[in-house]
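Counting starts at 1 for both ligands and their atoms, in listed order.
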Amino acid sequence: MEETIQIIEKLPIIDFSLLHHDSVIKKIHEACRNFGFFHVINHGIPDSVIEDALNVNSNFFDLPMAMKEEELMSEDVQKPVRFGRVQVGCHENGMLSRDFLKLYAHPIDHFLNLWPSNPPNYREKMGIYATEVRKLGIELFGAIMESLNLSPTHLKQNFEHGAQMIGINSYPQCLGSNVKTGVAAHTDHSIITILLQSSPGLHIVDRLDSTWKSVCRIEGSFEIIVGDHLEVISNGLYKSVLHRAIPSSNNGTRFSIANLYSLGMDEIVEPAAKLVDEERPKSYKGSSLRDFLELLSSKDTIPFIHTIKYKRSLTIDEYMVISALLINLGMSQTNQFNFRVRNFDEEEPEKEVEPLESATSNTAEDSSLEPQNQTKCTYTPVCIMPEVDLIPAIPKEEAGTNLFNMNSDDKNKVDAGGTCTQKVGKCVLGSKKNNIRHLIIG
Ligand SMILES: O=C(O)CCC(=O)C(=O)O
Ligand SMILES: [Fe+2]
């Protein structure tokens with residue numbers, strides 16, 4: 001039986017024809033901050049261009065498998081044109097499967113003649129689509145820079161000369177038992193992704209309640225996804241959004257066309273200097289698109305963002321709360337564990353430590369938890385990533401499943417960005433800056 005996923009309400013819709021109005025820039029800011037996502041309408045790309053792009057891709061995926069495999073199947077992620085089929089075991093213990101075609105698309109003259117020659121009008125129609133959507137991406141990038149209070153020309157030239165990769169996904173219906181059509185939870189490595197979906201099926205994690213929600217499809221709109229490299233540029237102010245696609249089984253084959261925009265292949269992306277200060281220290285190290293591709297081809301399953309986020313050690317406040325939690329959970333301080341910390345709306349009022357579901361009488365004020373004990377503590381926080389909201393929390397229905405296709409021997413652990421298993425403890429703490437952090441320990 002198919003699970004019913006609630007539709008996410010109030011996803012911002014940006015009217016592209018009003019892009020540089022102050023109110024729209026503000027709306028973009030809120031969209032990126034609160035959802036990592038927005039719809040764009042009135043973008044000016046003719047319906048016929050969009051329909052043609054969907055049609056030529058549908059015709060391409062309809063070609064006999066042998067033909068696509070022979071010419072285009074490759075495991076080399078740096079190949080400018082690549083066809084493949086992905087099957088991963090990560091949804092309700094079943095498999096998720098999709099076919100994809102990846103195309104390098106900028107500068108288009110370098111790549112167009114490598115794109116599929118079948119169907120015969122593929123290059124022409126997809127060439128037009130790629131060029132039109134690129135213009136949209138450049139405009140949106142400027143508006144997003146403005147929404148960060150940066151100059152609209154910040155990185156403009158770099159973006160204009162940057163990479164564009166197109167990922168076309170085909171989600172056919174008949175896949176056999178225990179195989180569902182879809183793409184597993186992930187964030188995009190891009191700065192932004194402009195996504196076109198032929199029918200609904202995209203899900204994002206709603207940051208308000210940390211559950212998967214379905215994104216409705218607005219006729220004629222594009223979906224804009226905040227990617228990892230925008231998280232970096234914004235120094236964590238905007239977080240890349242965790243998303244997946246699980247098309248329903250009654251809509252026929254679903255297609256999506258994702259246009260992923262990055263800077264140049266070897267260009268280093270770093271937090272904008274204006275967004276780094278004492279309050280908000282630089283949280284990411286420099287990285288390039290090539291770094292991402294190398295990670296991808298290494299088959300290491302750690303999410304890219306986790307490889308570039310600086311880690312820091314605990315503050316005394318955090319140490320005390322974690323110690324209290326461990327005791328409440330019946331663990332000793334010498335237990336080794338993994339955990340993640342997430343930031344919530346900074347404007348929220350400061351909160352006291354809330355009692356745990358499984359709490360006994362111990363609290364953070366417990367005298368055995370004086371800060372001086374910190375030096376004696378031997379527990380090893382394996383991964384501490386304050387203010388990382390990549391996996392905002394563990395969505396309930398994901399318990400026992402694998403968000404990033406990572407395998408963990410210990411099913412009681414939550415690896416940062418890795419295997420999500422069960423929620424065993426939760427507490428809320430407020431720091432002096434009113435940052436509300438939810439702490440989830442597994
Ligand atoms: O098919 C979709 O809606 C999502 C595809 C996606 O997330 C991707 O290609 O990165
Ligand atoms: Fe994606």
Do [X] and [Y] have a side chain donor and acceptor closer than 3.5 Å?
X: H106; Y: R134; answer: yes
X: T187; Y: D228; answer: yes
X: S97; Y: Y171; answer: no
X: N169; Y: R98; answer: yes

At a 4.0 Å threshold, what atoms of ligand 1 neighbour a non-hydrogen atom of [X]?
X: A258; answer: 9 (O)
X: H243; answer: 7 (O)
X: H186; answer: 6 (C), 7 (O), 8 (C), 10 (O)
X: L195; answer: 3 (O)
X: Y171; answer: 1 (O), 2 (C), 4 (C), 5 (C)

Problem set entry | Which segment of D188 sits under 4.0 Å of ligand 1 when only heavy atoms are counted |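 Answer for D188: side chain.
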Problem set entry | Side chain, backbone, both or neither: L260 near ligand 1, heavy atoms under 4.0 Å |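 Neither part.
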Exercise. What is the ring orientation for F60 with F83, classed by angle as parallel under 30°, tilted 30 to 60°, or perpendicular over 60°?
Worked result: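 The rings of F60 and F83 stand perpendicular, inter-plane angle above 60°.
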Exercise. Can you say whether the rings of Y104 and F111 are parallel (under 30°), tilted (30 to 60°) or perpendicular (over 60°)?
Worked result: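 Y104 and F111: perpendicular rings.
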Exercise. Does at least one non-hydrogen atom of R98 fall below 4.0 angstrom from an atom of ligand 1?
Worked result: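 It does not; every heavy atom stays at 4.0 Å or beyond.
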Exercise. Are R244 and ligand 1 in contact, using a heavy-atom cut-off of under 4.0 Å?
Worked result: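 It does not, in that no heavy atom of R244 comes within the 4.0 Å cut-off of ligand 1.
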Problem set entry | T131 side-chain N/O to G127 backbone N/O, donor-acceptor pair under 3.5 Å |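 Between the backbone of G127 and the side chain of T131 there is a qualifying donor-acceptor contact (under 3.5 Å).
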For this session: Please say which of L101, I108, L72 ends up in a side chain to side chain contact (heavy atoms under 4.5 Å, CB included) with W115.
Result: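 One option only clears the test, and that one is I108.
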Exercise. Honestly, is K282 close enough over Y284, meaning NZ or CZ under 6.0 Å from the six-membered ring centre and within 45° of the axis?
Worked result: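 K282 over Y284 ring: no.
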Exercise. Would you say S256 has any N or O atom under 3.5 Å from an N or O of ligand 1, going by distance alone?
Worked result: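 Such a contact does occur with ligand 1.
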For this session: Give the residue, atom name and distance (to 0.1 Å) of the protein heavy atom nearest atom 3 (O) of ligand 1.
Result: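 It is R254 NH2, 2.8 Å.
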For this session: Give the residue, atom name and distance (to 0.1 Å) of the protein heavy atom nearest atom 5 (C) of ligand 1.
Result: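 Minimum-distance protein heavy atom for atom 5 (C) of ligand 1 reads N169 ND2, 3.4 Å.
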Problem set entry | Degrees at the Fe ion (ligand 2) between the OD1 atom of D188 and the NE2 atom of H243, nearest 10° |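 With the Fe ion (ligand 2) as the vertex, the angle is close to 90°.
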Exercise. Relative to the Fe ion (ligand 2), which of the N, O or S atoms in H186 is the closest?
Worked result: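 Result for H186 and the Fe ion (ligand 2): NE2.
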